[in-house]
Amino acid sequence: MPELPEVEVVVRELRERLIGERIKAIDVFWPKSLVKNGECAEKQVIQAIRRHGKYIIIELQSCYLVVHLRMTGQLIVTPIARKNEKHLQVLIHLFSGKFLHFFDSRKFGRLYLTKYPEQVMQNVGMDALDEHLTSIKLQSLMAGKTTGIKSYLLDQRHIAGLGNIYIDEVLYESGIHPLTSVQNLGADEIDVLHTTIVATLNLAVRHMGTTISDYKTVGGGFGGYQSFLHVYKKENTLCPRCNNKIVKIRVNNRGTHYCPQCQVPKK
DNA sequence: CCATGTACCTGAAGGC
DNA sequence: TGCCTTCAGGTACATG
C-alpha cells in the first residue's frame, strides 16, 4: 500500500496526535507484528516522529518505535479502543485514554521496539525527498549500475520512498521506458527524472496520498491522488498525451504500466 | 553485481 | 453459488 507520500501523511497526522503522549501498555495479537530488539521500556513519552523512506520513526525517551506498513498496515488513533476488530494486530494504550491501533490484514507490516533504529534501516538509502539528493547526486548513485530503471527505483537501497505506483507514474511523466538500463540514461534525462520524482511525490502529499484499496490516514480518511494517476492500473485506456493504448507488462514480477509511444525503450 | 524465484499473509476479482 | 487461480501498493533471502 503505502509509499512515501502516504507515509508522510501518516507521519504528519501522528505528530499532531501523539507528541507528548505516554505509552501505558501494548497488547500484541499477532506476535510477529511487534519485534523487540534490545532493552526498551515501554512506558515512555513520545518525543518526536519522523520519516525515512517508507519507515516511520517514533522517538521515545530512551529508544524508538519504528514502523513499516508494508502492503496493508494502518496506524489509526481513536479516543475509544477498537478492540476485537478484524486485522487488529497491535493495540497501544496511551495514558491520555487514547489508543494507537495497528491494523494489518496481510500481516506483512512490522513495529520494531528498539534502541537501534539504524540497525532496522541499515539497507535503506537516501530519502527521495532529501534536499541533498540532487540530480548530480542521483547521477553518481547510478554510476556503474547496469540494471533497468524500474528495478533500480524499486530497490530501496538506492533511493528510499518510491514504490510500484509512483515509479510507473514518474517514468511516464519523464518519458522513460521502465526497462531502460540506468547506464543508458543521460545527464539530461536523470535531471528530468529527479525533478519529476520530487514534483510527483510532493503533489501526492498535497492530495493526502493515493488510496487504491487499503490506505487510510491516521484519522481514517482516504487519499485523493488516485484521480491523478496516468498509467498505474490504466492498461487499455488511452494515453492523455498521444492517444495510444497504455500497456501492462511485468518487471521484477510487478505489474508495470506505461505508454509505448511516449516511453520509447532506449535499450 | 544482477536476475529470478520463493516466502511471508489475506482477501478481492475473474474464469468456469 | 462455489471452486480455483491470479493478483495486490513491500521486502528479505536463497540460488544461479
Side-chain angles (χ1 to χ4, degrees), chain A residues 1-10 29-35 37 51-56 66-75 85-90 102-112 119-125 127-128 141-172 178-184 200-201 204-205 207-217 222-236 248-257 267:
Chain A
M1 159 189 54
E3 305 178 30
L4 186 151
E6 293 74 38
V7 177
E8 177 63 25
V9 172
V10 166
F29 306 105
W30 183 260
K32 284 185 178 176
S33 294
L34 179 65
V35 178
N37 162 14
R51 181 188 62 71
H52 183 100
K54 300 171 193 169
Y55 284 88
I56 298 163
V66 177
V67 182
H68 196 305
L69 301 170
R70 294 282 186 104
M71 301 280 263
T72 53
Q74 301 174 347
L75 288 174
E85 277 190 36
K86 213 173 178 186
H87 307 312
L88 178 61
Q89 314 302 357
V90 179
F102 177 63
F103 292 98
D104 190 4
S105 67
R106 287 179 71 179
K107 299 175 175 170
F108 289 168
R110 291 288 179 271
L111 311 197
Y112 304 87
Q119 221 172 60
V120 175
M121 301 185 291
Q122 58 181 340
N123 291 320
V124 184
D127 188 83
L141 286 173
M142 286 179 171
K145 307 286 181 188
T146 58
T147 187
I149 183 62
K150 172 143 184 177
S151 306
Y152 181 87
L153 294 174
L154 277 170
D155 190 335
Q156 304 294 298
R157 288 173 299 186
H158 303 316
I159 299 176
L162 290 162
N164 206 38
I165 296 179
Y166 292 105
I167 290 172
D168 282 7
E169 292 300 313
V170 160
L171 292 178
Y172 170 75
L179 292 174
T180 308
S181 169
V182 296
Q183 64 186 334
N184 293 332
T200 303
L201 295 177
V205 171
H207 287 282
M208 308 297 279
T210 301
T211 297
I212 296 291
S213 61
D214 299 282
Y215 164 68
K216 282 186 185 172
T217 66
F222 300 106
Y225 194 72
Q226 57 279 8
S227 335
F228 297 87
L229 300 176
H230 298 295
V231 288
Y232 180 76
K233 279 208 176 158
K234 300 282 188 187
E235 62 269 31
N236 298 322
K248 178 176 179 182
I249 60 171
R250 297 216 142 242
V251 176
N252 280 28
N253 230 353
R254 317 294 303 277
T256 297
H257 317 74
K267 212 181 292 176

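So you know, we letter chains A, B, ... as the sequences are listed, proteins then strands, and number each from 1. Keep in mind that what you see is a predicted model, and the values were worked out from it rather than measured.
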- Item | Length of the NZ-P vector between A:K107 and C:dA8, whole Å | 22 Å
- Note on the structure: Base-pair string, DNA chain B, Watson-Crick plus G-U, cut-off 3.5 Å on both distances, | for inter-strand, is .|||||||.|||||||
- Item | Euclidean distance for P, B:dT6 against C:dT5 (whole angstrom) | 16 Å
- Task: For A:K233, report the nucleic acid contact type (base, sugar-phosphate, nothing); a contact means any heavy atom under 4.0 Å.
- Result: nothing
- Message: Distance check, P atoms only: C:dC4 and B:dC9, in whole angstrom units.
- Response: 23 Å
- How would you label the contact of A:G255 with the nucleic acid (heavy atoms, under 4.0 Å): base, sugar-phosphate, or nothing? sugar-phosphate
- Message: With heavy-atom distances below 4.5 Å as the criterion, would you say the side chains of A:T210 and A:E6 are in contact?
- Response: yes
- Atom CZ of A:R157 and atom P of C:dA12 are separated, to the nearest Å, by 8 Å
- Closest nucleotide among C:dC7, B:dT10, B:dC8 to the A:H87 side chain: B:dT10
- Task: Send over the distance from A:E6 CD to C:dG10 P, rounded to a whole Å.
- Result: 9 Å
- Message: Quick check: do A:V10 and A:T217 have side-chain heavy atoms less than 4.5 Å from each other?
- Response: no
- Query: For DNA chain B, whose closest nucleotide is more 5', that of A:R110 or that of A:G144?
  - Reply: A:G144
- Query: Which nucleotide in the set B:dA3, C:dG10, B:dC9 lies at the smallest distance from any side-chain heavy atom of A:T147?
  - Reply: B:dA3
- Given B:dC2, C:dG10, B:dC9, which nucleotide is nearest the side-chain atoms of A:E3? C:dG10
- Item | A:M208 side chain reached by A:F222 side chain, heavy atoms, under 4.5 Å | no
- Using the C1' atom as the reference point in each nucleotide, state the distance between B:dC1 and C:dG10 in Å, no decimals. 22 Å
- Give a yes/no answer on whether the side chain of A:K32 brings an N or O atom under 4.0 Å of OP1 or OP2 in B:dC8. no
- note: A:R70, atom CZ; C:dC13, atom C1'; distance rounded to Å ~ 12 Å
- Taking CG from A:L4 and P from C:dG10, how many angstroms apart are they, rounded to a whole number? 12 Å
- More 5' along DNA chain C: A:L154 or A:R106, using each one's nearest nucleotide? A:R106
- Query: Between the side-chain atoms of A:R254 and the base atoms of C:dA8, is any donor-acceptor pair under 3.5 Å?
  - Reply: no
- Query: Mind checking whether A:D127 and A:R51 have side chains closer than 4.5 Å, heavy atoms only?
  - Reply: yes
- Task: Determine whether A:L179 and A:V251 make a side-chain contact, defined as any pair of heavy atoms from C-beta on separated by less than 4.5 Å.
- Result: yes
- Hey, does A:R250 reach any base, or is it just sugar-phosphate, or nothing, if we go heavy atoms under 4.0 Å? sugar-phosphate
- Message: Does B:dG11 have its OP1 or OP2 closer than 4.0 Å to a side-chain nitrogen or oxygen of A:K86?
- Response: yes
- Message: Can you classify the ring geometry of A:H68 versus A:Y55 as parallel (below 30°), tilted (30 to 60°) or perpendicular (above 60°)?
- Response: perpendicular
- Item | Value in whole Å for how far the C1' atom of C:dT11 lies from OH of A:Y55 | 8 Å
- Query: Using 30° and 60° as the class limits, which term best fits the ring planes of A:Y152 and A:H158: parallel, tilted or perpendicular?
  - Reply: parallel
- Task: Check whether any side-chain N or O of A:Q156 sits under 4.0 Å from OP1 or OP2 of C:dT11, and answer yes or no.
- Result: yes
- Query: Between C:dC7 atom C1' and A:N253 atom CG, what is the distance in whole Å?
  - Reply: 10 Å
- Query: Would you say the side chain of A:V90 lies within less than 4.5 Å of the side chain of A:D104, judging by non-hydrogen atoms?
  - Reply: no
- Ring center gap for A:H87 and A:F103 short of 6.0 angstrom: no
- Message: For a quick check of understanding: with a heavy-atom distance under 4.0 Å over all strands, which category does A:T146 fall into, base, sugar-phosphate or nothing?
- Response: sugar-phosphate
- Message: Just the rounded figure in Å: distance from P of C:dA8 to NE2 of A:H257.
- Response: 7 Å
- Query: Is there aromatic stacking of A:F108 against C:dT11, centre distance under 5.5 Å, plane angle under 30°?
  - Reply: no
- Query: Closer than 4.0 Å, any side-chain N/O of A:H68 to the OP1 or OP2 of C:dG10?
  - Reply: no
